[in-house]
Amino acid sequence: MYNGAASGTLTIATYTAPLKVKFLSTVSTAGSAGTEWTTSGGYTQTAGGSTGGVSLSGNFSSAASAASKSNTAAVTVTNAPAQTWIGNEIVDSTAVTNKRMNWATITSKTVNAGDTCTIAIGSLVGTEA
Amino acid sequence: MTDRVPTTCDHCGQTDTHPKIHFGDGDTKHHDCLNFAEKTQVVESSDVAAKIVAACEGGKRGEKLLAHIESLHK
């Protein structure tokens, strides 16, 4: 994956495990990340750093098929904060600034404090280049 | 239950402010209104979620269920 190095060079981007899922209240685009839920209840904000979010460690255990992988276990946040849930991002755990990899927009949901939010098996899809 | 937005359960159709479970781009339901596949996914993904589902199926509703959820996170 080209990492913006000098012309004529190819730098492979490295990612810091674990990958994790951010829960968003505004939509992400290629140009900018959506607004992440704040830390409250059962959710800890990544704040773009190495902690927080919901870890995907061990969650993509099946071999790639047709150049794509999807999560093999549901991703659940309990005691969610009162927020709008409109999407998710997959990021790595790079300190200070996460590397963004993928994002998905869902039909907006109103989440009350204490609710449970679940991303079903197969709903997070990563496509291998 | 003050300061909560009423939401509708996509299984029983009841609109209330009771704690619910939201499936991304899927249904919103009471914790005891899940179908077999939904319940299996949820309880296998989170021990805390499994306890919440069990509490709701055991009769906890509304404020009592919310208090139980909060107690599981202390």
Side-chain angles (χ1 to χ4, degrees), chain A residues 20-25 27-28 34 37 39-44 53-61 70-90 102-125, chain B residues 1-11 14-57 60-74:
Chain A
K20 51 195 180 181
V21 177
K22 293 166 59 173
F23 280 69
L24 310 174
S25 59
V27 174
S28 269
W37 286 2
T39 296
S40 181
Y43 187 78
T44 300
V54 181
S55 174
L56 291 172
S57 179
N59 212 320
F60 280 75
S61 57
S70 58
N71 59 310
T72 53
V75 177
T76 294
V77 172
T78 54
N79 196 25
Q83 292 277 0
T84 295
W85 181 19
I86 202 166
N88 296 92
E89 271 195 341
I90 297 175
N102 197 9
W103 58 90
T105 300
I106 65 170
T107 303
S108 179
K109 288 187 177 287
T110 298
V111 177
N112 284 307
D115 284 357
T116 302
C117 294
T118 292
I119 301 172
I121 291 172
S123 295
L124 289 174
V125 181
Chain B
M1 300 174 72
T2 58
D3 300 327
R4 297 177 66 79
V5 177
T7 52
T8 302
C9 176
D10 289 313
H11 174 70
Q14 182 172 320
T15 299
D16 54 43
T17 57
H18 295 185
K20 293 193 180 63
I21 180 164
H22 307 274
F23 293 90
D25 240 2
D27 290 342
T28 291
K29 295 184 178 179
H30 295 110
H31 289 81
D32 62 345
C33 284
L34 306 178
N35 63 37
F36 178 78
E38 291 166 339
K39 180 179 174 181
T40 300
Q41 284 199 42
V42 170
V43 301
E44 290 184 350
S45 69
S46 165
D47 290 341
V48 174
K51 291 175 182 175
I52 296 169
V53 170
C56 191
E57 290 179 337
K60 278 194 166 68
R61 301 281 188 279
E63 298 249 14
K64 290 184 178 178
L65 180 59
L66 183 58
H68 181 68
I69 292 169
E70 291 170 350
S71 74
L72 293 172
H73 289 82
K74 287 183 179 164

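Only this structure's heavy atoms are used, side chains among them; waters, hydrogens and symmetry mates stay out.
- Residues of residues 67-74 of chain B lying under 4.5 angstrom from chain A, judged on non-hydrogen atoms, are B:Ile69, B:Glu70, B:His73 in numerical order.
- In this structure, a donor-acceptor pair under 3.5 Å is absent between the side chains of A:Thr39 and A:Thr44.
- Here B:His31 is the residue among B:His31, B:Glu44, B:Glu38 with the most heavy-atom pairs under 4.5 Å with chain A.
- Salt bridge status for B:Asp10 with B:Lys20: absent, with no side-chain N to carboxylate O gap under 4.0 Å.
- Looking at A:Val77, there are no atoms closer than 4.5 Å to chain B (heavy atoms on both sides), in backbone or side chain.
- Neither the backbone nor the side chain of B:Asp47 comes within contact range of chain A; no heavy atom of the residue lies under 4.5 Å from a heavy atom of that chain.
- A:Tyr43 and A:Phe23 have perpendicular rings, their planes meeting at more than 60° on a 0 to 90° scale where under 30° would count as parallel.
- Neither the backbone nor the side chain of A:Ser123 has a heavy atom closer than 4.5 Å to any heavy atom of chain B.
- Although no hydrogens or angles enter the test, the distance criterion places no donor-acceptor pair under 3.5 Å between the side chain of A:Asn112 and the main chain of A:Ala82.
- Within 6.0 Å of NZ in B:Lys39 there are 12 or fewer heavy atoms belonging to other residues, nucleotides or ligands.
- A:Thr76 and B:Ser46 share no side-chain donor-acceptor pair at under 3.5 Å.
- Side-chain contact of B:Asp16 with B:His30: a donor-acceptor pair under 3.5 Å is present, judged by distance alone.
- The side chain to side chain donor-acceptor pair (under 3.5 Å) check on B:Thr28 picks up A:Lys109, B:His22, with sequence neighbours excluded.
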